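Right, one structure below, let's go through it.
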Amino acid sequence: AVLLLDKIEPWYSRLVEGIEDKVETFRQHTIEGMSYEEIARLRTYGIIMTDHKLKACLRQEVSRVKVELKKRWLKLLKTV
């Protein structure tokens, strides 16, 4: 979490490359304590979604990015 908060280089760039938006959602929910509803209000999607569907998408996004960050972190640690 410290890497995501302080954006410590070179680790941060390698960790979040290609998933920056998803990491931002993860950071908003996990570190800043924002609810999915609050994050949904900040987001703009090209398609119209119900609040329930948008919140479900955000929950799934946070869950998936958490797994991806763990995989990437372990990979980075193995290269050190």
Side-chain angles (χ1 to χ4, degrees):
V2 173
L3 286 175
L4 299 177
L5 186 60
D6 293 337
K7 298 183 179 182
I8 299 168
E9 291 296 344
W11 302 100
Y12 180 80
S13 296
R14 294 171 63 191
L15 194 62
V16 304
E17 184 177 355
I19 57 170
E20 292 88 350
D21 292 342
K22 294 176 182 180
V23 170
E24 180 62 19
T25 301
F26 174 77
R27 192 186 62 74
Q28 288 171 327
H29 180 69
T30 306
I31 297 172
E32 294 180 19
M34 294 175 70
S35 70
Y36 291 114
E37 189 173 321
E38 290 170 317
I39 297 168
R41 280 192 229 123
L42 295 176
R43 285 256 180 125
T44 304
Y45 281 85
I47 56 175
I48 298 172
M49 295 181 168
T50 63
D51 283 343
H52 176 71
K53 187 171 182 178
L54 181 56
K55 286 189 275 184
C57 288
L58 289 171
R59 271 190 217 94
Q60 190 174 43
E61 184 176 292
V62 166
S63 179
R64 287 180 179 163
V65 80
K66 189 185 310 183
V67 170
E68 182 62 26
L69 286 171
K70 285 178 186 177
K71 286 179 186 176
R72 289 181 180 202
W73 179 244
L74 289 174
K75 187 176 178 181
L76 283 172
L77 289 176
K78 289 178 183 178
T79 61
V80 175

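Here the structure is a predicted model, which is why all the values come from computation and not from measurement.
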Passing option when T25 is tested against V65, T30, I39 for side-chain contact (heavy atoms from CB on, under 4.5 Å):
I39
Looking at A40 and L54, what are the two nearest heavy atoms and their distance?
CB-CD2, 3.3 Å
Between atom CG of L15 and atom NZ of K71, what is the distance when rounded to the nearest 0.5 Å?
13.5 Å
Give me the atom names and distance for the closest heavy-atom approach of E61 to D21.
OE2-O, 4.2 Å
Residues passing the side-chain hydrogen bond (donor to acceptor under 3.5 Å, both in side chains) test with S13, sequence neighbours excluded, are E9
State, yes or no, whether a side-chain contact exists between T79 and R14 at a heavy-atom distance under 4.5 Å.
yes
Can you tell me if CD on E32 sees more than 12 non-hydrogen neighbours from other groups inside 6.0 Å?
yes
Same cluster or not: are L77 and V16 linked, directly or through other Ile, Leu, Val, Met, Phe, Trp or Tyr residues, by side-chain heavy atoms under 4.5 angstrom apart?
yes
Is there a side-chain contact between Y36 and V62 (heavy atoms, below 4.5 Å)?
yes
Suppose we screen for salt bridge (charged side-chain N to carboxylate O under 4.0 Å, His left out). Which residues come up paired with E24, at least two apart in sequence or across chains?
R27
Among residues at least two apart in sequence or on other chains, which ones pass salt bridge (charged side-chain N to carboxylate O under 4.0 Å, His left out) with R72?
E68
For atom CZ of R59, decide whether the heavy atoms of other residues, nucleotides or ligands shown that lie under 6.0 angstrom number more than 12.
yes
Contacts of type side chain to side chain contact (heavy atoms under 4.5 Å, CB included), residue S63, not counting sequence neighbours:
none
